[in-house]
Number of protein chains: 2
Amino acid sequence: MSFSQDALLAFVAAVDNGSISAAARQLGKRQSTLSESIANLEIDLALTLFERGSRQLSLTAAGQRLLPLARQALAAHDSLQLQAAALASGVEARLTLVLSDTFHTGSVEPALKAFASLYPYTELECLVGEQDDLLALVRSGRAQLGLMSGDVQGGSEFAVRELPQQARTSLYVAPDHPLAQQRPAGAWALPAHRQLRLQTFTNTLPPDGHTGSCWYAPSYLLLLEMTQLGFGWAELPDWLVARYAPELVPLALPGWPQQRSLHAVWQRAQPLRPAAAWMLQQFLQPAALDPTPG
Amino acid sequence: MSFSQDALLAFVAAVDNGSISAAARQLGKRQSTLSESIANLEIDLALTLFERGSRQLSLTAAGQRLLPLARQALAAHDSLQLQAAALASGVEARLTLVLSDTFHTGSVEPALKAFASLYPYTELECLVGEQDDLLALVRSGRAQLGLMSGDVQGGSEFAVRELPQQARTSLYVAPDHPLAQQRPAGAWALPAHRQLRLQTFTNTLPPDGHTGSCWYAPSYLLLLEMTQLGFGWAELPDWLVARYAPELVPLALPGWPQQRSLHAVWQRAQPLRPAAAWMLQQFLQPAALDPTPG
DNA sequence: TATTAACCATCGGAGAAACCGATATGTCGT
DNA sequence: ACGACATATCGGTTTCTCCGATGGTTAATA
């Protein structure tokens with residue numbers, strides 16, 4: 001016959017409180033109950049855990065040795081209990097986000113930090129995608145919540161909320177690019193040079209007015225690298241350039257830099273569950289978030 | 001009301017065996033018992049753990065999520081149980097050895113390895129000391145078992161067993177020492193040079209016949225270093241020199257190298273407890289040990 | 001010294017839980 | 001249709017837990 005979890009609890013409570021009576025008060029049980037529990041535990045283990053000194057009890061060598069293991073067993077028990085409570089309360093076991101690279105890392109970080117402590121039993125997965133790629137991930141259920149820039153094309157399929165933050169983007173070229181030399185550069189000069197454009201995997205983006213030659217990449221980070229290598233000009237998020245390629249030169253054209261609105265999207269047919277809803281709220285209330293520097 | 005450990009056991013057994021009935025057979029209980037246990041566990045956790053397919057049951061997402069935690073809780077429980085059993089069976093919680101540096105490390109290592117797996121819940125402490133220092137550690141109870149070279153002076157206070165192994169020692173000097181140059185050196189040449197001698201902290205070693213000047217150190221490792229620095233000649237264990245100072249030169253004198261007997265000592269008044277007794281046996285049966293090379 | 005206040009151990013009884021045996025039900029393969 | 005195998009459910013017994021009361025011991029106090 002093995003010992004019970006309650007006996008272990010009585011054991012560590014008695015140690016922590018210095019007496020069985022105090023432990024009983026803390027646990028809301030009778031002294032006789034805990035006395036019996038500990039006595040039975042000692043019988044089950046075939047060991048003496050406490051040295052019953054007249055007025056205070058002290059741990060035996062064996063007791064000192066077993067105490068940390070007892071704590072560990074209780075902690076494992078509690079951990080299971082907490083995880084189960086989280087699952088039972090409807091909190092999802094895993095939350096998958098898709099973020100656009102237009103989101104400044106520093107603005108996401110505090111939300112994730114708070115999430116980690118508030119939902120310790122929920123796994124978090126962060127994907128990165130743009131435009132149609134992002135919407136496809138949300139549509140397929142691969143991700144529950146998407147944070148994207150620009151307008152949402154999906155129509156009534158998605159629930160959309162506009163975020164109070166905005167993303168500033170500019171047109172950049174490498175320092176040795178011809179466009180970086182001419183000052184001031186006019187918008188007429190752009191079509192003469194290669195544009196580096198975002199092209200999603202799913203490839204349903206409408207063409208914009210640009211008529212010149214283009215190279216394409218599915219992520220802003222890749223566009224950034226291609227810009228660094230001097231392959232052409234590109235529209236890039238300002239924070240991304242400031243952080244990873246500060247040497248790039250912004251083109252001072254009329255109408256630039258632009259402020260692009262940011263949106264949170266999810267499946268309208270599938271309401272957000274607690275963790276996802278909380279995460280959305282974090283982005284809707286920028287008070288709790290650090291302002292994007294720059 | 002919280003779940004019991006038995007319920008967790010039923011849970012993982014059902015998962016491992018693929019069915020509740022099989023789990024019941026494995027655990028030696030009735031199927032109805034385990035069925036109720038798991039049902040109660042699901043009630044306590046407010047979760048559905050199993051998808052009761054007609055003929056086979058499969059884990060819910062929540063069940064998959066909780067399974068590793070349940071295993072961990074059971075493992076912690078078992079660990080406590082095993083440690084308690086070890087303590088209750090009289091195995092000491094900590095075993096402290098004192099080894100002489102004359103013991104070849106390679107001859108001790110297999111014993112320690114086997115010890116680690118045989119007594120996983122016993123802490124092991126290895127001290128190093130020579131002669132009187134070693135005996136003092138055993139006498140005070142600081143160590144339970146000592147493995148030393150040479151004869152035991154303590155009289156009836158100690159229990160002594162001679163070990164089948166022996167330690168070979170030689171007289172060494174540094175390569176640039178005068179004694180290393182003369183060939184052949186006679187014993188008469190020794191007193192003219194400084195001797196590096198073992199002197200224990202407790203300092204009750206009798207003087208031997210040497211009449212020349214001496215420097216002293218309490219450990220062979222220190223003597224070794226002093227010999228390397230050319231301070232004099234010293235008697236050192238061969239294996240120690242071969243391993244840490246192969247450049248030292250042995251003096252080819254009549255009667256050298258010597259074979260020194262090795263002894264295990266412990267307090268006669270305090271019989272060896274299981275782990276210590278096992279350890280002693282390992283050294284008494286050199287069959288299980290690697291032979292000392294060289 | 002007698003008293004009070006803590007503390008711990010023990011005992012008997014009430015309630016709860018575990019366990020068993022039997023039974024009903026459902027599914028798969030023959 | 002039937003046997004083999006699975007799970008769920010239902011009484012009944014045993015076991016465990018918890019409580020309340022009691023007694024013994026020690027330390028501080030009047």
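Order of the sequence lines sets the chain letters (A, B, ...), proteins ahead of strands, with each chain counted from 1.
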Asker: Round to a whole Å and report the spacing from CD1 of A:Ile38 to P of D:dT17.
Answerer: 13 Å
Asker: Below the 4.0 Å mark, does C:dC8 have OP1 or OP2 next to a side-chain nitrogen or oxygen of A:Arg30?
Answerer: no
Asker: Rounding to a whole Å, what distance do you find between A:Glu51:CD and C:dC8:C1'?
Answerer: 14 Å
Asker: Donor-acceptor pair under 3.5 Å: do we get one between A:Gln31's side chain and the base of D:dC18?
Answerer: no
Asker: Could you give the NZ-to-P distance, from A:Lys29 to D:dT17, as a whole number of Å?
Answerer: 10 Å
Asker: Out of D:dT9, D:dT7, C:dC8, which nucleotide sits closest to the side chain of A:Ser35?
Answerer: C:dC8
Asker: What is the nucleic acid contact for A:Ser19, judged by heavy atoms within less than 4.0 Å: base, sugar-phosphate only, or nothing?
Answerer: sugar-phosphate
Asker: So, do B:Phe50 and B:Phe11 have ring centers that fall under 6.0 Å from each other?
Answerer: yes
Asker: At under 4.0 Å, does any side-chain N or O of B:Arg52 touch on OP1 or OP2 of D:dA8?
Answerer: yes
Asker: Quickly work out the B:Leu34 CG to C:dA18 C1' distance and round it to whole Å.
Answerer: 11 Å
Asker: Passes salt bridge (charged side-chain N to carboxylate O under 4.0 Å, His left out), A:Asp78 versus A:Arg71? Steps please.
Answerer: CA-CA 10 Å; A:Asp78 281 356; A:Arg71 286 194 202 279; over 6 Å; no
Asker: Between A:Glu51 and A:Ser58, is there a side-chain donor-acceptor contact under 3.5 Å, judged purely by atom types and distance?
Answerer: no
Asker: For a quick test of reading the model: is some side-chain N or O of B:Asn40 closer than 4.0 Å to OP1 or OP2 of C:dA18?
Answerer: yes
Asker: Atom CD of A:Glu42 to atom P of C:dC8: distance rounded to whole Å?
Answerer: 12 Å
Asker: If you compare every side-chain N and O of B:Ser21 against the phosphate oxygens of D:dT7 (OP1, OP2), does one of them come in below 4.0 Å?
Answerer: yes
Asker: Roughly, in whole Å, what's the span from CG in A:Leu27 to P in D:dC19?
Answerer: 11 Å
Asker: So if I take every side-chain heavy atom of B:Arg25 and compare against C:dG12, C:dC19, D:dA6, which nucleotide ends up nearest?
Answerer: D:dA6
Asker: Tell me the interatomic distance from A:Leu41, atom CG, to D:dC18, atom P, rounded to whole angstroms.
Answerer: 13 Å
Asker: Given D:dT17, is OP1 or OP2 found less than 4.0 Å from the side-chain N or O atoms of A:Thr33?
Answerer: no
Asker: With the side chain counted from C-beta on, respond yes when B:Gln31 and B:Ser35 share a heavy-atom pair under 4.5 Å apart, and no when they do not.
Answerer: yes
Asker: Got a salt bridge between B:Arg94 and B:Glu125, using NZ or NE/NH1/NH2 to carboxylate O under 4.0 Å?
Answerer: yes
Asker: For B:Asn17 and D:dT7, what is the distance between atoms CG and C1' respectively, to the nearest whole Å?
Answerer: 15 Å
